[in-house]
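Taking it in order: structure first as structure tokens, then the write-up.
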Amino acid sequence: MYIKKLTVFSFLLLVVLGAKAQHYNLVIGPELSLPTGNSTTQSPIGYGGYVKGEIGLSPKFSITGSGGVVSFLGKKFLGPRAETLSYLPVKAGLKYYTDKNFYFEGQLGASIPVNETGATRFAWSPGAGTFIRSRNSNNQFDFGLRYEGWTGKSTFTSKTTTFGFFTFRAGYAFNL
């Protein structure tokens with residue numbers, strides 16, 4: 001229920017604020033994730049893809065909404081490899097441009113498990129990135145690095161834990 005309300009609220013916010021938008025972007029691309037800290041005991045690497053929409057509020061600020069899929073390979077212990085965990089992160093956030101092609105952004109949302117073994121977790125991610133113009137069109141390549149954390153109750157204990165990782169992403173930005 002919480003996810004549906006967050007999705008509806010984000011969509012309505014994008015529509016209302018988009019009426020005076022400076023620019024629109026749609027970015028599609030792959031991601032490579034490297035777990036950090038205690039997360040490395042569960043998985044050595046993750047991979048996936050994402051779609052991110054952006055609506056400019058001013059030359060310096062934009063609001064973003066993103067969704068995707070990410071899978072973390074299970075680590076191999078003495079026996080067979082542990083189960084690969086797949087999630088659908090859905091987030092909304094704010095992007096700040098320091099100049100025309102470099103930005104910082106932060107997003108909040110939820111990470112929904114595809115596997116039946118997990119629980120929905122609160123997702124947060126600060127990051128930075130840059131745009132490189134395409135020679136043949138007005139579109140751009142978007143390269144970024146972010147730290148992402150999924151905070152929630154552990155499936156094994158009743159403690160609140162964070163599954164954290166760094167993600168490098170490379171996407172193609174369609175200027176709409």
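Every value quoted in this text rests on a predicted model; they were computed, and no experiment measured them.
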Non-neighbouring partners of S39 that pass side-chain hydrogen bond (donor to acceptor under 3.5 Å, both in side chains), sequence neighbours left out: none

F131 and Y103 aromatic ring geometry - parallel, tilted or perpendicular at 30°/60° bounds: tilted

Aromatic ring pairing Y147/W124, orientation class (parallel under 30°, perpendicular over 60°, tilted between): tilted

If we only count heavy atoms from C-beta on, is the [X] to [Y] side-chain gap below 4.5 Å?
| X | Y | result |
| --- | --- | --- |
| F72 | Q42 | no |
| L85 | S43 | no |
| F122 | T160 | no |
| R169 | R146 | yes |
| Y50 | P89 | no |
| N25 | N175 | yes |
| N138 | R133 | yes |
| T161 | T151 | no |

For the backbone of [Y] and the side chain of [X], can you confirm whether one donor and one acceptor N or O come within less than 3.5 Å of each other?
| X | Y | answer |
| --- | --- | --- |
| S86 | S71 | no |
| K60 | T98 | yes |
| T162 | G164 | no |

Candidate pair F141 and Y172, rule ring-ring contact (aromatic ring centres under 6.0 Å, His included), full reasoning: CA-CA 5 Å; F141 294 99; Y172 191 73; 5.2 Å; yes

Measure the [atom1]-[atom2] distance between [X] and [Y] for me, rounded to the nearest 0.5 Å.
| X | Y | atom1 | atom2 | result |
| --- | --- | --- | --- | --- |
| I132 | N139 | CD1 | CG | 14.0 Å |
| S62 | I55 | OG | CD1 | 9.0 Å |
| L34 | T167 | CG | OG1 | 7.5 Å |
| T40 | I45 | OG1 | CD1 | 13.0 Å |
| L32 | L145 | CG | CG | 11.0 Å |

What are the two closest non-hydrogen atoms of [X] and [Y], and how far apart are they?
| X | Y | answer |
| --- | --- | --- |
| V114 | L88 | CG2-CG, 3.7 Å |
| S58 | H23 | O-CE1, 4.5 Å |
| T36 | F165 | OG1-N, 4.0 Å |
| P35 | S33 | CD-O, 3.7 Å |
| S66 | Q107 | OG-OE1, 3.3 Å |

Could you see if [X] belongs to whatever hydrophobic cluster contains [Y]? Use Ile, Leu, Val, Met, Phe, Trp, Tyr and a side-chain cutoff under 4.5 Å.
| X | Y | value |
| --- | --- | --- |
| L94 | Y97 | no |
| V70 | Y47 | no |
| V51 | I63 | yes |
| Y24 | L57 | yes |
| F143 | Y96 | yes |

N101, CG: over 12 other non-hydrogen atoms inside 6.0 angstrom: yes

Results of salt bridge (Lys or Arg N to Asp or Glu O under 4.0 Å) for E54 - residues two or more places apart only: K95

F166-F168 aromatic ring centre distance below 6.0 Å: no

Residues E105, K91; criterion salt bridge (Lys or Arg N to Asp or Glu O under 4.0 Å); working and verdict: CA-CA 12 Å; E105 79 175 317; K91 300 176 288 188; over 6 Å; no

